*Asks:* 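Take a look at this one; I'll ask things after.
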Amino acid sequence: MILLKIDNVSLTLDGSRIIRNLNFSVPQNEIVGLIGATESGKSSLFDLISGVYIPDEGKITLAGIDITPLTIEKLTTLGVARTFQNANFFSNFSVTDNIRLGFHNSLKYNLFDVILRTQKFFNSEKEIDERTNELISIFNLSDYADMFPNDIPYDAQCRLDIARAVATSPKLLLLDRPTGGLSINQAEEFMNTIEMVNRRFKTAIVIIENDLNLLLNICSEISVMEYGTIIATDNPIEIKNNQVLTSICLGE
Amino acid sequence: MKKKFFSPKIFLLICLIYVISIAAINFGFINSYWEGILKIALINIILVVSLNLATGILGQLSLAHSAFMAMGAYTSVMITKFFTASGWLEFPFAVICGGLVAMFFAVFISYPAMKIPGNYLLIITLAVNEIVRNFIINFNIAGGSTGCRGIAHYSNFSAVYIITVLIVGFIYLLIHSKYGRATICISQNEMLTKSCGVDTFSYKIATFSLAAFFAGIAGGLFAHELLVIEPNMFDYTYSLELLAMVIIGGLGSISGSIISAVIFTILPYTIEFILDIKIIIYLLAMILVIFYMPTGLFSDYKAILAAIKQRFLKKFSRGEKS
């Protein structure tokens, strides 16, 4: 079953056409890879899906709902979560509080409960505390729980980034170069984490990656982008064996 | 930010301060001159804490706080003066109306300002401050430049104290909830906050206008305490003075704001020569704090104690060496 469907979408920014007539779809509970040379529009495609930009033409649907004109905060409530290039976090908050912020919409109390400190407020906060601790242990961040994000190792920062995105309980998770800056070993380990997220939280995942080899084992299919459009979608082995496509990925 | 919920210790402290000051006023330890200064200090607490909500928590510098105060003051004075209803009932009504008028204007100002990226709100609020003041002078609102006299004296100590506690308590409870956490995040990384599912645009407008609402209430209390209001009381130096108190107290720190509001209100009246040059001293102190203690003087007293200790220890060790 198709979760996300993008139909003939185009985007123009500052007079240049960044995305042109793009068609793309993500099946439910699958991991999809997205590769292509730099400046081929991968991140812009993420910006379109997550609502940072609104497309000039075309239609984006998520599980049958038209999400084309929605903004980023509304899409998060509908179940689209994303990470940005380079690990992003709130540096004045501890690791635990960073993850807690992802649960913002899961805290079901209103202003009235806040002022009177009703039982609902405490119960809700407590429940989120438990869920945060669960995520911390799942993502192997227990050692850093009370530290500030700037003080922890880079691979832990990357895991924190995903943990915060997972906290919004997404149906679709968009990871923009999650392994950028990691060593090969760390990156391979990181791919296992992503696979675990996919299986455990039943989340469809789209990964932008420059290294095709990292995607071979975990993706069900891979799309190749060039000049703002998707030129091929196939299973990983076929893409790997296709000389023309691999050279395009490397930007040659 | 650990779990800091409402603690009985703070509640006890609030009651204790109230009982002591009421007793001191009634038994004559504090004369009416100092009682007035204490009330102004309490009103300044409301102003500084609410400005901290906009500046420290939300991260939007605002220089229109005294204009919002003026709106609250003039609205409430007009209500108590011209619509003489039954004594005590009209005072809360007038003060809340003053707050609502200030809030309405804050929404009106911040709606376009928050739409565009960048800190344009600072420029807009600076303009608004002078517009409001000149509007009152030139359109002869409630006496124009000569000021408005003969205001009923409604702001007694208990009323001001209770309203201050309610407002500061409200802001404290708000900050220690999901709303407060999200608002703090907006100033750090707006795009990331949005991707956590927070409607940052509404949050910004709501927080800014809430701060204006409290400033309006403070203005109402201020007018019914001084009994005379003039437009020149609400010029931008007063806004700057409040901003200096916020920064010296520590951006985002409520206790810091309370301490600095009390100290900087009472200080000029205890040391006579400061009164005329207080704006120089406050702004110089603000600049020094920005350079040497960006987190504020009173926000983290433990760190300051540690720093002082370290200084002294260094001196001692240097002394031993030489």
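What you see is a predicted model, and the numbers here were worked out from it, not measured in a lab. Chain A is the first sequence line, chain B the second, and so forth, proteins listed ahead of strands; every chain is numbered from 1.
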*Asks:* Are there more than 12 heavy atoms of other residues, nucleotides or ligands under 6.0 Å from atom CZ of A/F190?
*Replies:*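 Check passes, neighbour count above 12.
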*Asks:* Quick check: are there more than 12 heavy atoms from other residues, nucleotides or ligands sitting under 6.0 Å from OH of A/Y53?
*Replies:* no
*Asks:* Name the member of A/L107, A/V52, A/T168 that forms the most heavy-atom pairs with chain B at distances under 4.5 Å.
*Replies:*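 Most pairs with chain B among the choices: A/L107.
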*Asks:* Using side-chain heavy atoms (C-beta onward) and a distance below 4.5 Å, is A/T76 in contact with B/C196?
*Replies:* no
*Asks:* Once rounded to the nearest 0.5 Å, what's the spacing between atom SG of B/C185 and atom CG of A/N98?
*Replies:*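 With rounding to 0.5 Å, SG (B/C185) is 7.5 Å from CG (A/N98).
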*Asks:* Hey, what do you get for CD (B/Q188) to CG (A/N92), rounding to the nearest 0.5 Å?
*Replies:* 4.0 Å
*Asks:* Going by heavy atoms in the side chains, are B/Y179 and A/N110 under 4.5 Å from each other?
*Replies:* yes
*Asks:* Which heavy atom in A/F84 sits nearest to a heavy atom in B/M191, and how many Å separate them?
*Replies:*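 Residues A/F84 and B/M191, closest heavy atoms: CZ-CG, 3.4 Å.
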*Asks:* So what's closer than 4.5 Å to chain B heavy atoms on A/S91: side chain, backbone, both or neither?
*Replies:*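 Answer is both: backbone and side chain atoms of A/S91 are under 4.5 Å from chain B.
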*Asks:* Return the CZ to CG distance between A/F121 and B/L173, rounded to the nearest 0.5 Å.
*Replies:*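 Here the rounded value is 8.0 Å.
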*Asks:* If you measure from CG on B/D199 to CG on A/N105, what distance do you get to the nearest 0.5 Å?
*Replies:* 10.0 Å
*Asks:* Assess whether atom CZ of B/F104 is packed by more than 12 heavy atoms of other residues, nucleotides or ligands within 6.0 Å.
*Replies:* no
*Asks:* Count the heavy atoms of every other residue, nucleotide or ligand shown that sit under 6.0 Å from OH of A/Y154, and state whether that count exceeds 12.
*Replies:* yes
*Asks:* Which value, rounded to the nearest 0.5 Å, describes the distance between B/L192 atom CG and A/D161 atom CG?
*Replies:*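 CG of A/D161 is found 7.0 Å from CG of B/L192.
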*Asks:* Taking every heavy-atom pair that is under 4.5 Å apart, which of A/T77, A/I128, A/L111, A/T96 has the most such pairs with chain B?
*Replies:*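 Looking at each of A/T77, A/I128, A/L111, A/T96 in turn, A/L111 comes out on top.
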*Asks:* Are A/F90 and B/I184 packed together at the side-chain level, in the sense that at least one heavy-atom pair is separated by less than 4.5 angstrom?
*Replies:*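 Contact flag for A/F90/B/I184 side chains = no.
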*Asks:* Taking A/R82, A/R164, A/K74 one by one, which has the highest count of heavy-atom pairs under 4.5 Å against chain B?
*Replies:* A/R164
*Asks:* Find out whether A/E73 and B/V198 are in side-chain contact, i.e. whether some heavy atom of one side chain is under 4.5 Å from a heavy atom of the other.
*Replies:*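 In short, these two side chains do not touch, never coming nearer than 4.5 Å.
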*Asks:* Determine whether B/K178 and A/Y109 satisfy the following criterion, side chain to side chain contact (heavy atoms under 4.5 Å, CB included), listing intermediate values before the conclusion.
*Replies:* CA-CA 9 Å; B/K178 68 169 180 179; A/Y109 56 74; 3.4 Å; yes
*Asks:* With a 4.5 Å heavy-atom cut-off, do A/L75 and B/K194 have their side chains touching?
*Replies:*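 No; the side chains remain at least 4.5 Å from each other.
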*Asks:* Supply the atom-to-atom distance A/I115 CD1 to B/F170 CZ, rounded to the nearest 0.5 angstrom.
*Replies:*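 Going from the CD1 atom of A/I115 to the CZ atom of B/F170 covers 4.0 Å.
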